[in-house]
Amino acid sequence: MATESNVRILQENQGILKKSVVNLFPKQGDCSYVSCYCEENVYKLGEEVTKAHPNELNKCYAVFISNQSRTVPLWRQRAGKNEDRLIIWDYHVIFLYHPEPDKCLVYDLDSELPFPTYVHKYVTETFRTDHILKPDYFRYFRVIPAGEFVNDFSSDRRHMKRPDGTWIKPPPNYPAITNSSADHNLEDYIQMDHNKGPGEVLNLTQFVQRFYKPAT
């Protein structure tokens with residue numbers, strides 16, 4: 001039979017576990033979002049954690065999803081037209097929060113899944129499996145610590161302009177994100193060469209192994 005002291009200790013431990021997962025973004029609607037500027041949306045999430053929850057920043061990651069052919073199929077995306085909400089992006093960017101070895105949350109402002117969604121559910125419904133795809137459609141993941149991404153990312157939005165200078169999609173209403181060393185380094189993040197660029201590049205299996213560890 002559990003003693004009163006043991007029950008109190010158990011309750012205190014459960015409280016600690018609950019507190020270890022911070023509600024980083026209480027309302028999705030309060031997050032900065034502009035369609036087709038997913039890299040900047042994720043940058044703004046990282047910026048928000050830097051300001052509001054700095055102690056959690058080292059548990060967060062920006063993840064670029066692309067491949068050499070720039071054709072990555074993702075399901076459950078709001079921009080998808082069919083019943084499964086499938087769309088093929090040239091690249092996509094999501095935000096990860098990995099507060100405990102067996103807990104990882106995905107924040108995807110373009111997904112119709114809950115905000116956030118646990119990584120296993122997100123992977124199952126958004127990426128499914130590479131086994132049903134041709135190699136040109138395999139997804140690769142460049143994983144960058146969020147603090148590093150916020151410090152180093154830069155985009156003058158040139159990739160969203162037509163040759164005549166008009167916008168393919170309207171840009172965010174805040175100034176372009178730049179740092180002191182580069183006006184534009186987006187390509188460094190999108191390309192999936194293991195030997196170049198920031199962070200590390202993983203295939204789908206490696207990504208799941210890295211961020212999904214079932215509780216034992």
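Hydrophobic clustering (ILVMFWY, side-chain heavy atoms < 4.5 Å, transitive): Y43 and F115 are in one cluster. Under a hydrophobic clustering in which Ile, Leu, Val, Met, Phe, Trp and Tyr are joined whenever their side-chain heavy atoms come within less than 4.5 Å, directly or via other members, Y33 and W89 fall into different clusters. In the hydrophobic cluster analysis, where Ile, Leu, Val, Met, Phe, Trp and Tyr join through side-chain heavy atoms closer than 4.5 angstrom, V201 is grouped together with V93. F211 and M192 are assigned to two separate hydrophobic clusters, defined by single-linkage of ILVMFWY side chains at heavy-atom distances under 4.5 Å. A chain of hydrophobic side-chain contacts below 4.5 Å, direct or via other Ile, Leu, Val, Met, Phe, Trp or Tyr residues, connects Y212 to L74.
Applying the ring-ring contact (aromatic ring centres under 6.0 Å, His included) test to F25 and every residue at least two apart in sequence or in another chain returns F95, Y107.
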As a quick check of understanding, evaluate side-chain contact (heavy atoms from CB on, under 4.5 Å) for V22 and Y97, giving each step before the final call. CA-CA 9 Å; V22 175; Y97 175 41; 3.6 Å; yes
List the steps, then state whether side-chain contact (heavy atoms from CB on, under 4.5 Å) holds for Y137 with I88. CA-CA 9 Å; Y137 294 95; I88 298 178; 3.9 Å; yes
Verify side-chain contact (heavy atoms from CB on, under 4.5 Å) between Y91 and L186, making sure each step is shown before the conclusion. CA-CA 11 Å; Y91 70 94; L186 175 61; 3.8 Å; yes
Start with the C-alpha gap between C104 and L96, add the side-chain angles, then the distance that decides, and say whether side-chain contact (heavy atoms from CB on, under 4.5 Å) holds. CA-CA 7 Å; C104 184; L96 294 190; 4.2 Å; yes
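The CH2 atom of W75 sits 10.0 Å away from the OG1 atom of T126 when rounded to the nearest 0.5 Å. Note: E56 CD to N58 CG = 7.5 Å, rounded to the nearest 0.5 Å. Rounding to the nearest 0.5 Å gives a distance of 8.5 Å between CG of L202 and CZ of F141.
Using a distance-only test at 3.5 Å, with no hydrogens or angles considered, no donor-acceptor pair links the side chain of D188 to the main chain of G197. With D110 contributing its side chain and C38 its backbone, the two residues share no donor-acceptor pair below 3.5 Å. With T117 contributing its side chain and P114 its backbone, the two residues share a donor-acceptor pair below 3.5 Å. Without hydrogens or angle criteria, Y122 side chain to P116 main chain gives no donor-acceptor distance under 3.5 Å. Although no hydrogens or angles enter the test, the distance criterion places no donor-acceptor pair under 3.5 Å between the side chain of H98 and the main chain of K59. Proximity of a side-chain donor or acceptor of Q191 to a complementary backbone N or O of D193 within less than 3.5 Å is detected. Of the possible donor and acceptor atoms, one in the side chain of R142 sits under 3.5 Å from a partner among the backbone N and O of P198. The backbone N or O of A182 sits less than 3.5 Å from a side-chain atom of N179, completing a donor-acceptor pair. For the pair N82 (side chain) and L86 (backbone), a donor-acceptor distance under 3.5 Å is present.
Side-chain contact between H92 and I94 is present, with heavy atoms from C-beta onward closer than 4.5 Å. For the pair V21 and K103, the minimum side-chain heavy-atom distance is below 4.5 Å. Annotation: side chain of C31 is in contact with side chain of L45 (closest heavy-atom distance under 4.5 Å). For the pair F127/P73, no side-chain contact is recorded, criterion being any heavy-atom separation below 4.5 Å from C-beta on. Residues R128 and V123 fail the side-chain proximity criterion, which asks for heavy atoms closer than 4.5 Å. Taking the side chain as every heavy atom from C-beta outward, Q77 and S111 approach each other to under 4.5 Å. By the 4.5 Å heavy-atom criterion applied to side chains, Y118 and L105 are counted as neighbours. Side-chain contact between C36 and M160 is present, with heavy atoms from C-beta onward closer than 4.5 Å.
Closest heavy-atom contact between H184 and S155: ND1-CA, 3.5 Å. Here the closest non-hydrogen pair linking L57 and G46 is CD1-O, 4.0 Å. When all heavy atoms are compared, the tightest approach of C60 to V49 is SG-CG1, 4.3 Å. Closest approach of D130 to L204, counting heavy atoms only: OD2-CB, 3.7 Å.
The aromatic rings of H194 and Y140 lie perpendicular to each other, with more than 60° between the two planes, well past the 30° mark.
Look at K51 and E48 and you find no salt bridge, because none of the NZ, NE, NH1 or NH2 atoms lies under 4.0 Å from a carboxylate O. Between E40 and R157 there is a salt bridge, since at least one side-chain N of the basic residue sits less than 4.0 Å from a carboxylate O of the acidic one. Under the 4.0 Å criterion applied to side-chain N and carboxylate O atoms, D164 and R162 are not assigned as salt-bridge partners. A salt bridge does not link R78 with E112: every distance from a Lys NZ or Arg NE/NH1/NH2 to an Asp or Glu carboxylate oxygen is 4.0 Å or more.
Between F149 and Y61, the distance from one ring center to the other does not fall under 6.0 angstrom.
Side chain to side chain, E39 and Y189 fail the donor-acceptor criterion of an N or O pair below 3.5 Å.
A cation-pi arrangement is present between K44 and Y174 under the rule of less than 6.0 angstrom and at most 45 degrees off the ring axis. Cation-pi contact between R139 and F207: absent, since separation from the ring centre below 6.0 Å together with deviation from the ring axis within 45° is not met.
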Residues 64-71, side-chain donor-acceptor partners within the protein, below 3.5 Å, at least two apart:
residue, atom, partner, partner atom, Å
S66, OG, D90, O, 2.8
N67, OD1, S69, N, 3.2
N67, OD1, S69, OG, 3.1
N67, OD1, R70, N, 2.7
N67, OD1, T71, N, 3.0
N67, ND2, T71, O, 2.8
N67, ND2, D136, O, 3.1
N67, ND2, F138, O, 2.8
S69, OG, T71, OG1, 2.7
S69, OG, D136, O, 2.5
R70, NH2, E187, OE1, 3.4
R70, NH2, E187, OE2, 2.5
T71, OG1, D136, O, 2.9

